[in-house]
Amino acid sequence: MRVSQMLLPTLREVPAEAEVVSHQLLLRAGFIRKTASGIYTYLPLAQRVLKKIMQIIREEMDRQGGQEMLMPIIQPAELWLESGRWHVYGPELFRLKDRHHRDFCLAPTHEEVITVTVRNEVRSYKQLPLLLYHITNKYRDERRPRFGLMRGREFIMKDLYSFDQDEAGLDISYRKMHEAYTNVFRRCGLTCRPVEADSGAIGGSTTHEFMVLAESGEAAILYCTACDYAANVEKAITLPAAGLDPGMQPLELQEVSTPGKKSAEEAAAFLQMEPCHIIKTMIYKTDQEIVAALVRGDRDVNEVKLLNALNAINLELADEETVRQATGAPTGYVGPVGLKNIRIVADPEVMALANAVAGANKQDAHLMNVHPGRDFKPDMVEDIRIVKAGEPCPKCGARLQEARGIEVGQIFKLGTKYSKVLGATFLDENGKEQPIVMGCYGIGVTRTMAAAIEQNHDQDGIIWPASIAPYHVVVIPVSAKDEAQMNLAETLYRELNQAGVEAVLDDRPERPGVKFKDADLVGYPLRVVVGNKAVQEGLVEVRRRRSGQTDLIPLSEAVAKVREILPTL
RNA sequence: CGGGAUGUAGCUCAGUUUGGUAGAGCGCACGGUUCGGGACCGUGAGGCCGCAGGUUCAAGUCCUGUCAUCCCGACCA
């Protein structure tokens, strides 16, 4: 392809709307344009990158026995009513009506369709296992689309669904996908880490997220430097809390005046003690009840853990009014002692406290010498706190470190959640009807492209890993008006393509500086410059985008050199 | 969903306070000089000033509404 004929609208300035680097560079380098908030048009270069990522995904899915299919984006409400998710999914589900006023939605995921398809076609254990996948657009009406391709409302996703006879089969499928995902991201040139995660609304038990480590990542993860433990903060655990100190004598409950000391830190400082002796009481509202969550004063409530412990669908911090009604006190002075009619969930660490301080359920007052078990009895003791960097790894005890990551893939063991609701069953060897055991496995294709840039760029632009670069090499004649240079560049460009190297020829009548800047911005892994030295001495420059290393080599060896370097990039 | 901000040329942004014939830089077209890291000179094209209503002799500017976009928040008692 000749650059003079390409739709490659590079921009000198950063469009005002772009915040994160991948978004800025995708716009500046002429890869994408916004069509609506969270919805983008992929220009030719982006499409080439996406196709390469999808090809890598296909190869790795197929290698594990995956079969590609294609499912509809527009889906009837009945399907979602049947699974129960029409009402559960909420405003994130794009809903629409056809001309007969029948309800439809734009699929945010495809469990319903695939499960019903398999239900209708699979009868016997002999037809299992199955690994079925497709790559298509997904739609989620995000409450706040942002960061360009990172959190869009329309995005391309690969999703594979596994169907097995039993848990043992699911384990095998899950391992296959774990391996496939590791391969996919490695081949895409990404530094990626699988982490344990919460399964969220999709449901199911075991799940791993594949995180591309990057500062701009939306997710926080904790990982162990000594072993392979790594988890999303939502899921991360640490070693169990120490038990109650047996030497501690319970003292008598005592009310103290703490005017204006609302936070655990303020109260602790005022009472001249460490925040870890405070019982922090947070009032939450779920879809069905009001609960009090207790953590140590130096800890934070992990709302995901709390939500799971309560088996609730929604969870939010109660507003001031609700707190007053439930406890009789304003926020800041709530405590577990004497609380009535609301459930108390305590973190195990709280139960290990003796003579602790808690809110007195009275304005400007706290209670001292609160003794868990004596002064209040929690309805539930569960790990509901956020683990922080520096705490011990639950597997090996080494210190955990914190990092940020972009979630590019997630794999789930669904179990029989969907097969049961949707009636996807098979007959086993004994002729007994069983629900199919399922797993689902997603990769955000468009997000992977953005993540690749987050991890591979510099001040001048993108640095594509060769495996997903839109083109491998750009051939730049220094002067498009110099016929001798152009002829040599043309020939080299043709030879490269004939040799299977994806090359473009920057034949635009631009000054060399412009072409160099654009080449850096677009991020071709290699650049070959054909200048005067080529005409006079038969030498061309081969330059690696990432390292900047430049080799002056004979024109006749250029193709071989490019082919030699490419696999190393 | 709440709060904040912004909508003016393809892009980045002035102009709005104090109403009076629409601006700059970059980009684009043409001519010339240049030509190894985003050149220079000249000429030119390009605007329903987001949209609708209102006030006024007169609105990019003031008022009302509306739409869109971006940011922050929706988290610690």
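Lettering follows sequence order; numbering is per chain, from 1.
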**Message:** Under 4.0 Å, counting only non-hydrogen atoms across every strand here, what does A/S37 touch: a base, just sugar-phosphate, or nothing?
**Reply:** sugar-phosphate
**Request:** Let me know the distance between CZ of A/R385 and C1' of B/C76, rounded to the nearest Å.
**Result:** 15 Å
**Prompt:** On a whole-Å scale, what distance lies between the C1' atoms belonging to B/U55 and B/G46?
**Reply:** 33 Å
**Asked** How would you label the contact of A/V334 with the nucleic acid (heavy atoms, under 4.0 Å): base, sugar-phosphate, or nothing?
**Response** nothing
**Request:** Scan A/V295 against the nucleic acid and name what it touches under 4.0 Å (heavy atoms): base, sugar-phosphate only, or nothing.
**Result:** nothing
**Message:** For the residue pair A/Y139 / A/R153, report whether a side-chain donor-acceptor contact shorter than 3.5 Å exists.
**Reply:** no
**Message:** Distance check, P atoms only: B/U12 and B/C30, in whole angstrom units.
**Reply:** 25 Å
**Asked** Considering heavy-atom distances to RNA chain B, does A/E265 or A/P15 have its closest nucleotide positioned more toward the 5' end?
**Response** A/P15
**Asked** Whom does B/G60 pair with, Watson-Crick or G-U wobble, provided both distances fall under 3.5 Å?
**Response** none
**Atom-to-atom span, NZ of A/K34 to C1' of B/A68 - whole angstrom** = 9 Å
**Request:** Verify, without hydrogens or angle tests, whether A/Y333 (side chain) and A/A358 (backbone) share a donor-acceptor contact under 3.5 angstrom.
**Result:** no
**Asked** Do you know the tightest heavy-atom contact between A/V522 and A/A29?
**Response** CG2-O, 3.9 Å
**Message:** Under 4.0 Å, counting only non-hydrogen atoms across every strand here, what does A/A264 touch: a base, just sugar-phosphate, or nothing?
**Reply:** sugar-phosphate
**Asked** Given the C1' atoms of B/U43 and B/U56, what is the spacing between them in whole Å?
**Response** 40 Å
**Asked** Atom CD1 of A/I386 and atom C1' of B/C76: how far apart are they, to the nearest Å?
**Response** 9 Å
**Carboxylate-amine/guanidinium contact A/D300 A/K280, below 4.0 Å** = yes
**Message:** Within the supplied structure, the quantity of interest is the number of heavy atoms (other residues, nucleotides, ligands) at a distance under 6.0 Å from A/R399 CZ; does it exceed 12?
**Reply:** no
**Message:** At 4.0 Å (heavy atoms only), tell me whether A/R28 reaches a base, stays on the sugar-phosphate, or touches nothing.
**Reply:** base
**Salt bridge A/E154-A/R140, side-chain N to carboxylate O under 4.0 Å** = no
**Asked** Between A/Y40 and A/H23, is the gap from one ring center to the other below 6.0 Å?
**Response** yes
For nucleotides 27-33 of chain B, tabulate all protein N/O to nucleotide N/O atom pairs closer than 3.5 Å, reporting atom names and distance.
from: B/G27; atom 1: OP1; to: A/R12; atom 2: NH2; distance (Å): 2.9

**Message:** Both distances below 3.5 Å, Watson-Crick or wobble geometry, any strand: find the nucleotide opposite B/C51.
**Reply:** B/G65
**Complete:** Rounded to whole Å, CZ of A/F516 lies from P of B/G38 at a distance of 10 Å
**Item:** Rounded C1' spacing from B/U6 to B/C49 in Å
**Value:** 14 Å
**Asked** How far, in whole Å, is B/A68 from B/G23 if one measures between their P atoms?
**Response** 32 Å
**Message:** Does this structure show an ion pair linking A/R404 with A/E218, if we count only N-O contacts that are shorter than 4.0 Å?
**Reply:** no
**Message:** What is the separation between atom CG on A/D364 and atom C1' on B/A77, rounded to the nearest whole Å?
**Reply:** 13 Å
**Request:** For A/L27 and A/I32, work out which heavy atoms get closest and say how close.
**Result:** CD2-O, 3.4 Å
**Asked** When rounded to the nearest Å, what value does the distance between P atoms of B/A5 and B/C63 take?
**Response** 14 Å
**Prompt:** Heavy-atom contacts under 4.0 Å between residues 520-541 of chain A and RNA chain B, which residues?
**Reply:** A/D520, A/L521, A/R527, A/V529, A/G531, A/N532, A/E541
**Prompt:** Thinking salt bridges, do A/E289 and A/R343 make one under a 4.0 Å N-O criterion?
**Reply:** yes
**Request:** Just name whichever nucleotide pairs with B/U43, Watson-Crick or G-U, keeping both distances under 3.5 Å, else none.
**Result:** B/A29
**Item:** Check: A/Q485 side chain, B/G36 base, donor-acceptor under 3.5 Å
**Value:** no
**Message:** Rounded to whole Å, please give me the gap between CZ in A/R545 and C1' in B/G37.
**Reply:** 13 Å
**Request:** Scan side-chain atoms only and decide if A/T207 and A/E196 contain a donor-acceptor pair under the 3.5 Å cut-off.
**Result:** no
**Request:** Write down the distance separating the C1' atoms in B/C26 and B/C67, rounded off to the nearest Å.
**Result:** 30 Å
**Request:** Could you tell me whether A/R296 contacts a base, only the sugar-phosphate backbone, or nothing, with contacts defined as non-hydrogen atoms closer than 4.0 Å?
**Result:** nothing
**Item:** Nucleotide B/G25, atom C1' - distance to CD of A/E13 in whole Å
**Value:** 8 Å
**Request:** Give one of base, sugar-phosphate or nothing for A/R299, where a contact means two heavy atoms less than 4.0 Å apart.
**Result:** nothing
**Message:** Nearest whole Å is fine: how far is B/A77 P from A/E266 CD?
**Reply:** 7 Å
**Asked** Which is true for A/K280 with a 4.0 Å heavy-atom rule: it touches a base, it touches only sugar-phosphate, or it touches nothing?
**Response** base
